[in-house]
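Counting convention: from 1, in listed order, for ligands and their atoms alike. For clarity, every value in this text was computed on a predicted model and none was experimentally measured.
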Amino acid sequence: MTPMLDHTHDPELRSWVQDANGPSDFPIQNLPLGIFRPPNERPQSGIAIGDHILSLKALAERGGLDEEASMACRAAAGETLNQLLSLGTPYRIALRRAASAFLAQGAREHHELLYPAVACELMLPVNVGDYTDFYAGIAHAENVGKLFRPESPLLPNYKWVPIGYHGRSSSVRVSGHPVRRPSGQRRLAEETVPTFGPTRSLDFELELGIWIGPGNQPGEPIPIEDAAKSIAGYCLLNDWSARDIQSWEYQPLGPFLAKSFHTTVSGWIVTPEALAPFRQRQPLRPASDPQPLSYLYSDADQTTGALNIELDVFLATALMRDRRLAPHRLTRSSAEYLFWTPAQLVAHHASNGCNLVAGDLLGTGTISAPTPDGFGSLLEGTKGGLEDIALPSGEARRFLQDGDEVIFRARAARDGYVPIGFGECRACITSAES
Ligand code: MN
């Protein structure tokens, strides 16, 4: 089930696109897929390479591609990548090999087919069908659980069943779109009745996003052994959360308006092929933990189904930007703190016959490390909004204020391979009246 390593992962491989050869999120070993809008043109599909974007349309016209790579380019000819994602692994691999050969040092240089990324607008890469958010970050579940139940932070089902809820796809937006502070019903501890108004406790949640493709037919579950083949790629995901609205509304049915106002994703789809060198063993469960039920268990998935991805959260306040202070790193976490592998999330989601569709989005749940320098939300870092987090500007935060900008970045690295990144998942908070 592990995508094969091939010459496209060779650490010696370099590109004639020079800015891809230094430290970059997008070296020739990455080749993530996206939709971009060049100045004064319609959006089109492309592959990030260094500080540039290779147009897939141009690649198809000039590249001398094999049949599968040509078909992948044709599927990506519109303004979304849903159709390409629906083709599945062999076509994605063919496209990756074609783009790698086209961009490799020594190949004929086609600088006229590249767009400078800075001049282009990165769009949402797919028309998001459905969006489901899980709760697979076990340190986050424990940290949040402790705030409410210090003696038994995890509910009894946590280690048996991947917990999730259905989110809202219409408000998934790509990195860069401002987040307007939502209003809703909230009740302070000392109040007897709720009031309606702007949230006083706006928070971020550091997550990985999983793009589905191809998916499954209704009534046909995805066996755990095949589940990785239904993952077309990954992104960074910020599940913005209004904690005061959430704590009032969530019982008994779970998150609703506290989260549905906005979800931010990074624009580039980092493929499972690009991440193949960074797969690793799912951490072994202590003997006292239940083992996964058989529909969630495969030796191959346990051996290679987890991802070695380092995840960072930065905060820049309006004052920090005015003073030209660099964004402050709040958090460094890692995908190793996911209790379930991506394949387990997919297999579980489809286990009741629910059909997943190319372009569906799964969130992993907040990925916190166990220690405060790795908490994936402010809720954890401020102990439920009771303690300040100090910033280099002399300011302090419990929750996000208007003008604050939150930036996620991520990196996959392993000795013997060229590290790859995800690009940014960023957004600035604007006032409820904006
Ligand atoms: Mn979440």
Of all N, O or S atoms in Glu205, which has the smallest distance to the Mn ion (ligand 1)?
OE1
Heavy-atom donor-acceptor pair, Tyr158 side chain to Glu142 backbone, under 3.5 Å
no
Specify which N/O/S atom of Glu207 comes nearest to the Mn ion (ligand 1), by atom name.
OE2
Answer yes or no: is there a donor N or O on one side and an acceptor on the other, between the side chain of Arg285 and the main chain of Lys159, under 3.5 Å?
yes
The N/O/S atom of Asp239 lying closest to the Mn ion (ligand 1) is OD2
Can you label the angle between the His262 ring and the Trp240 ring as parallel, tilted or perpendicular, going by 30° and 60°?
perpendicular
State the atom name: nearest N, O or S atom of Asp133 to the Mn ion (ligand 1).
OD2
Return yes if a side-chain donor-acceptor contact under 3.5 Å exists between Thr199 and Asp244, otherwise no.
yes
